[in-house]
Protein chains: 2
Amino acid sequence: MNTVIPIVSHTLRAACSACSLQELCLPAGLAPDELQKLDEIVNRKRPLKRGEYLYRAGSALQSLFAVRTGFFKSCVMHDDGREQVAGFHMAGEMLGMDGIGSGNHMCDAVSLEDSEVCEIPFGDLEKLSREIPTLQQHFHRIMSREIARDYGVMLLLGSMRAEERLAAFLLNLSQRFAARGYSPSRFLLRMTRHEIGSYLGLKLETISRALSHFQTEGIIAVQNKNVEIKDADRLRAMVSQCAGHPPQ
Amino acid sequence: MNTVIPIVSHTLRAACSACSLQELCLPAGLAPDELQKLDEIVNRKRPLKRGEYLYRAGSALQSLFAVRTGFFKSCVMHDDGREQVAGFHMAGEMLGMDGIGSGNHMCDAVSLEDSEVCEIPFGDLEKLSREIPTLQQHFHRIMSREIARDYGVMLLLGSMRAEERLAAFLLNLSQRFAARGYSPSRFLLRMTRHEIGSYLGLKLETISRALSHFQTEGIIAVQNKNVEIKDADRLRAMVSQCAGHPPQ
DNA sequence: TGCCGGCATTGATCTATGTCAAAACCGCAG
DNA sequence: CTGCGGTTTTGACATAGATCAATGCCGGCA
């Protein structure tokens, strides 16, 4: 109840209460005193270099993670080594929720650029969310949104053709960058064509061809990892109004 | 706090405390007194006939539902009318968790045979799970398992070929029937070939052909909706050890 | 009992996307 | 600045699965 401000390492780098991602991340909607309680359980971890694993499939789940800066992919591995990218995660998004059920992470989380994360010990989070209804509700919303996102990916993988998938993907990135205050029309693809392909259930050559095609159509401009969306409406049209283009 | 036992309709049909699905469903792990508190918030709803909607995409989420008897599909709709089956749900499984984030259901839930469900008002569930840590933990596990399942479906849709997908699907059903005390090797496909195809990202003809092929190989016997798995090991082999059969 | 409409099977053919291969490019390390 | 490995692009070709079409089956209803 008293407002001691702990002078420990994790407050040296921006605490939740000082974090610009507050509104997107777990703290959304918390009152100042609640925020402080959350701050007390969250640890800032050392930065990860590009290519480092945040966790690996099979390892015990102790904590969830929120991306503070940088970019991650999570990927599920098949027995035979085939890998499927299940998601890309940017600042303010949470990772690890797939592992709560079994107590073990079910996928690898890999940073695609130098990144920082906040670690949220899951037991503490459950305890705190019993005390703070707003936190509880928000955590439930976050998990639910992950499920909703997954349903969207199923729709994409199950019933859209290559170019529609890519259009949906670009629009999704655009929107997420916009929500973070970045340009919705110019951004960097942090992942390789291979990783995009894996996420979209396509081969890298198909991604490359589709990007080239969008470019010749004047819908986007691509150079390497740089993308500029020149005609978002046409992208949107590709995704939704595909009557006449029968799904494969 | 007092233990009034409400003599209302929902206690007339088996309460959670008397339900055979206790161990699979939300009550798993609760102490008797906790179970009773849960009972007090759960409503048994009138039975649904085959083809009835439990809820529709876009409608406000008030409650989650647990399947008591019967079988459901949930399907996401595309603007242009294409539909994608996102999951099949059998006794003891929960529906509706995709709608918590936005407050609205994001998919339709349709019964595939005459069914009964328990309704769990979501606000009450959140409140009660603040009081009963076991319930809270179990609810988190249930949501997490849904996410994990979704990742599995992505793997399936993104990197498996038609017959592998179907093999994985049959094994999954088999296992879920087994967990409910039914035969893992003989069961009824409650859904049409079209719905299986939608779930697996394939056309109904492909499902039909694959089933026929499995049959001629002696892996299964199918007659209409009746399936008998004759060689589960070969099904398993199809799913995991597919080196040499490059993914499409 | 017989009829009807949805469901399923099967065959012939088409096509989107995968596969293979070669060349160009890019950024990093020396 | 140069060389090298990994990435990307592009082309030619192959194929899994879609599409189209015809027939058969089954279960519900009169």
Length of the line joining [X]:[atom1] and [N]:[atom2], which is rounded to integer Å:
X        : N      : atom1 : atom2 : result
A:Ile207 : C:dT17 : CD1   : C1'   : 11 Å
B:Phe214 : C:dT10 : CZ    : P     : 15 Å
A:Asn226 : C:dC25 : CG    : P     : 17 Å
A:Ile196 : D:dT9  : CD1   : C1'   : 14 Å
A:His194 : C:dT19 : NE2   : C1'   : 15 Å
B:Leu188 : C:dC7  : CG    : P     : 15 Å
B:Leu166 : D:dA16 : CG    : P     : 17 Å
A:Met160 : C:dA16 : CE    : P     : 16 Å

Inset, instruction - Report yes if some heavy atom in the side chain of A:Leu170 is under 4.5 Å from a heavy atom in the side chain of A:Leu235; otherwise report no. - result: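 A side-chain contact under 4.5 Å exists here.
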Inset, instruction - Assess whether atom CZ of B:Phe177 is packed by more than 12 heavy atoms of other residues, nucleotides or ligands within 6.0 Å. - result: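 It does: B:Phe177 CZ has more than 12 such atoms within range.
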Legend entry - Whether over 12 other heavy atoms sit under 6.0 Å from A:Arg50 CZ: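 It does not: A:Arg50 CZ has 12 such atoms or fewer within range.
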Inset, instruction - Please work out if B:Leu202 contacts a base, only the sugar-phosphate, or nothing of the nucleic acid, heavy-atom cut-off 4.0 Å. - result: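 Contact class for B:Leu202: sugar-phosphate only.
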Please tabulate, for side-chain N and O atoms in residues 220-227 of chain A, each donor-acceptor pair with protein atoms closer than 3.5 Å (sequence neighbours left out).
residue	atom	partner	partner atom	Å
A:Lys225	NZ	A:Met191	O	3.4
A:Asn226	ND2	A:Gln223	O	3.4

Would you tell me if any nitrogen or oxygen in the side chain of [X] comes within less than 4.0 Å of OP1 or OP2 on [N]?
X        : N      : result
A:Ser212 : D:dT10 : yes
B:Arg161 : D:dA16 : no
A:Lys203 : C:dC20 : no
A:Lys225 : D:dT7  : no

Inset, instruction - Among D:dA18, D:dT9, C:dG18, find the nucleotide with the atom closest to the side chain of B:Thr206. - result: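 The closest nucleotide is D:dA18.
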Legend entry - Rounded distance [0.5 Å steps], CG in B:Asn43 versus OG in B:Ser63: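 B:Asn43 atom CG to B:Ser63 atom OG measures 7.0 Å (nearest 0.5 Å).
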Inset, instruction - Could you grab the distance from atom NE2 of B:His89 to atom CE of B:Met94, nearest 0.5 Å is fine? - result: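 Between B:His89 NE2 and B:Met94 CE, I get 11.0 Å after rounding to 0.5 Å.
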Inset, instruction - Step through it carefully: locate the ring centre of B:Phe187, locate the ring centre of B:Tyr182, and say whether they are under 6.0 Å apart. - result: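 Ring centres of B:Tyr182 and B:Phe187 not closer than 6.0 Å.
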Legend entry - Electrostatic pair B:Glu52:B:Arg46 at N-O distance under 4.0 angstrom: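 Salt bridge: yes.
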Legend entry - Residue whose nearest DNA chain C nucleotide is more 5′ - A:Leu204 or B:Arg193: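 Per heavy-atom nearest nucleotide, the more 5' residue is B:Arg193.
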Inset, instruction - Could you tell me whether A:Arg56 sits above the aromatic face of A:Tyr53, with NZ or CZ closer than 6.0 angstrom to the six-membered ring centre and within 45 degrees of the axis? - result: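 The answer is yes; both the distance and angle limits are met.
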Inset, instruction - Specify the angle, to 10°, made by the local axes at the two ends of the helix from C:dT1-D:dA30 to C:dG30-D:dC1 when five pairs are taken at each end. - result: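 It works out to 40° between the end axes.
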Inset, instruction - Tell me, with the steps shown, if A:Tyr199 and A:Phe88 meet ring pair (Phe, Tyr, Trp, His ring centres under 6.0 Å). - result: CA-CA 9 Å; A:Tyr199 182 60; A:Phe88 296 108; 5.3 Å; yes
Can you give me the N/O atom pairs linking the protein to nucleotides 20-30 of chain D at distances under 3.5 Å, or say none if there are none?
residue	atom	partner	partner atom	Å
D:dC20	N4	B:Glu205	OE2	3.3

